[in-house]
Amino acid sequence: MILGLLFSIIAGSLVSLQNIFNSKVNERAGSWATTTLVLGLGFLASLSIGLIFEGKQLFDLQNMKTWYWFSGLIGVGVVTSIVQGMRLLGPTYTISIVMTSQLGFALLGDSLGLLGLTQVPFTFKQLIGVLVIVSGILVFKLGGANIKEGAAKMIS
C-alpha cells in the first residue's frame with residue numbers, strides 16, 4: 001500500500017509538472033504541435049525504455065481486448081484538453097478540475113463495473129467525498145467573490 005501511495009504521489013507531481021511544460025510549449029508551438037511533441041517524445045521514450053527492460057516481450061499483446069489498443073487516442077484528447085484548460089484557467093484550477101473529473105469518472109467506473117473493472121458498490125460516503133472535493137474547488141476558485149460574479153468568471 002505504501003508503494004502504491006508513493007507512486008500515486010509521484011504520478012500527480014509529474015502530471016502537474018508535465019502540464020506546466022506543455023502549456024509553455026503551447027505558447028510557442030500551438031495546441032496540435034504541443035500534442036504531437038508530447039505524445040511523440042513519450043512514445044520514443046516508452047519504446048526505448050520498454051525495449052531495454054522487456055525486450056521482445058514488450059510486443060506480446062495477444063490476449064489484449066481490441067478496444068484497449070485505442071487508449072493512445074484518448075491521450076490526444078487528454079493533452080489537448082489540459083493544454084487548452086491551462087491556457088484559459090491556469091494550472092491550479094485546471095488540475096483541480098481534472099482531478100475532480102478523474103475521481104468522479106473513477107467512482108462511476110467502479111460503481112458500474114465499466115470496461116472490465118470489478119464492480120464496487122456505490123455508497124453515500126463516496127458521493128459525499130466527491131461533493132466535498134468539488135465544493136473545495138469552488139471555494140478555492142471563487143474565493144471572496146460573490147457566487148454570481150465568480151460563476152461568470154469561470155464561464156468566461
Side-chain angles (χ1 to χ4, degrees), residues 1-53 58 67-112 114-117 120 122-156:
M1 176 148 163
I2 297 295
L3 195 55
L5 289 170
L6 180 62
F7 279 130
S8 298
I9 290 168
I10 291 169
S13 301
L14 291 175
V15 166
S16 293
L17 184 62
Q18 179 192 21
N19 290 321
I20 292 168
F21 277 64
N22 292 354
S23 70
K24 294 300 180 185
V25 172
N26 186 55
E27 289 175 8
R28 303 275 188 223
S31 181
W32 288 111
T34 300
T35 302
T36 303
L37 181 66
V38 167
L39 295 178
L41 288 174
F43 167 75
L44 291 175
S46 60
L47 178 64
S48 301
I49 293 168
L51 287 171
I52 290 167
F53 286 101
L58 179 66
W67 59 81
Y68 295 149
W69 286 78
F70 296 99
S71 66
L73 297 177
I74 295 170
V76 172
V78 170
V79 172
T80 303
S81 297
I82 290 177
V83 165
Q84 292 304 316
M86 288 183 67
R87 184 176 62 80
L88 297 168
L89 299 174
T92 304
Y93 303 128
T94 299
I95 298 305
S96 298
I97 294 166
V98 167
M99 289 187 332
T100 303
S101 176
Q102 285 178 318
L103 181 60
F105 192 80
L107 178 60
L108 181 68
D110 276 349
S111 299
L112 299 176
L114 298 176
L115 301 171
L117 293 174
V120 177
F122 180 78
T123 66
F124 188 67
K125 288 191 304 187
Q126 292 168 325
L127 177 63
I128 294 297
V130 171
L131 292 176
V132 165
I133 291 171
V134 170
S135 300
I137 290 171
L138 288 173
V139 167
F140 185 76
K141 175 67 176 160
L142 302 177
N146 72 41
I147 298 296
K148 273 188 179 177
E149 189 177 301
K153 285 181 185 177
M154 282 180 63
I155 292 170
S156 62

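Just so it is clear, the model here is predicted, and its values are computed rather than measured. Count residues from 1 along the sequence.
- Evaluation of the ring pair (Phe, Tyr, Trp, His ring centres under 6.0 Å) test over residues 89-111, restricted to residues two or more places apart or in two chains, returns Tyr93-Phe140.
- Of the possible donor and acceptor atoms, one in the side chain of Ser46 sits under 3.5 Å from a partner among the backbone N and O of Phe43.
- In this structure, CG on Leu17 lies 9.5 Å from CG on Asn22, to the nearest 0.5 angstrom.
- In this view, Gln102 and Val98, Met99 satisfy the side chain to side chain contact (heavy atoms under 4.5 Å, CB included) rule, not counting sequence neighbours.
- For Thr100, the side chain to side chain contact (heavy atoms under 4.5 Å, CB included) partners are Ile133, Val134, Ile137, not counting sequence neighbours.
- Listed here is the closest heavy atom pair of Ile82 and Asn19: CG2-OD1, 3.1 Å.
- Side-chain contact check for Val130 versus Leu107: some heavy-atom pair is nearer than 4.5 Å.
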Using the side-chain contact (heavy atoms from CB on, under 4.5 Å) rule, take Phe122 and Asp110 through it: C-alpha gap first, then chi angles, then the decisive distance, then the call.
CA-CA 8 Å; Phe122 180 78; Asp110 276 349; over 6 Å; no
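- For the atom pair CG (Leu41) and OG1 (Thr36), the distance works out to 10.5 Å, reported to the nearest 0.5 Å.
- Pairs engaging residues 27-41 under the salt bridge (charged side-chain N to carboxylate O under 4.0 Å, His left out) rule: Lys24-Glu27 [sequence neighbours left out].
- By the side chain to side chain contact (heavy atoms under 4.5 Å, CB included) test, Ile128 pairs with Phe124, Val132, sequence neighbours left out.
- Ser31 meets the side-chain hydrogen bond (donor to acceptor under 3.5 Å, both in side chains) test with Gln84; sequence neighbours excluded.
- Residue pairs meeting the salt bridge (charged side-chain N to carboxylate O under 4.0 Å, His left out) criterion with at least one partner in residues 76-93, sequence neighbours excluded, are absent.
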For a quick test of your reading: what N or O donor-acceptor pairs under 3.5 Å do the side chains of residues 67-77 make, sequence neighbours left out?
residue	atom	partner	partner atom	Å
Tyr68	OH	Leu115	O	3.0
Ser71	OG	Tyr68	O	3.4

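- Scanning both residues, Asn26 and Gly30, for their nearest heavy atoms gives OD1-C, 2.9 Å.
- Across every non-hydrogen atom of Leu51 and Leu58, the tightest pair is N-CD2, 3.8 Å.
- Here the CG-CG distance, from Leu108 to Leu103, works out to 11.5 Å after rounding to the nearest 0.5 Å.
- When the side-chain hydrogen bond (donor to acceptor under 3.5 Å, both in side chains) test is applied to Thr94, no partner is found at least two apart in sequence or on another chain.
- Listed by chain and residue number, nothing satisfies the side chain to side chain contact (heavy atoms under 4.5 Å, CB included) test with Ala106 (two or more places apart in sequence, or in another chain).
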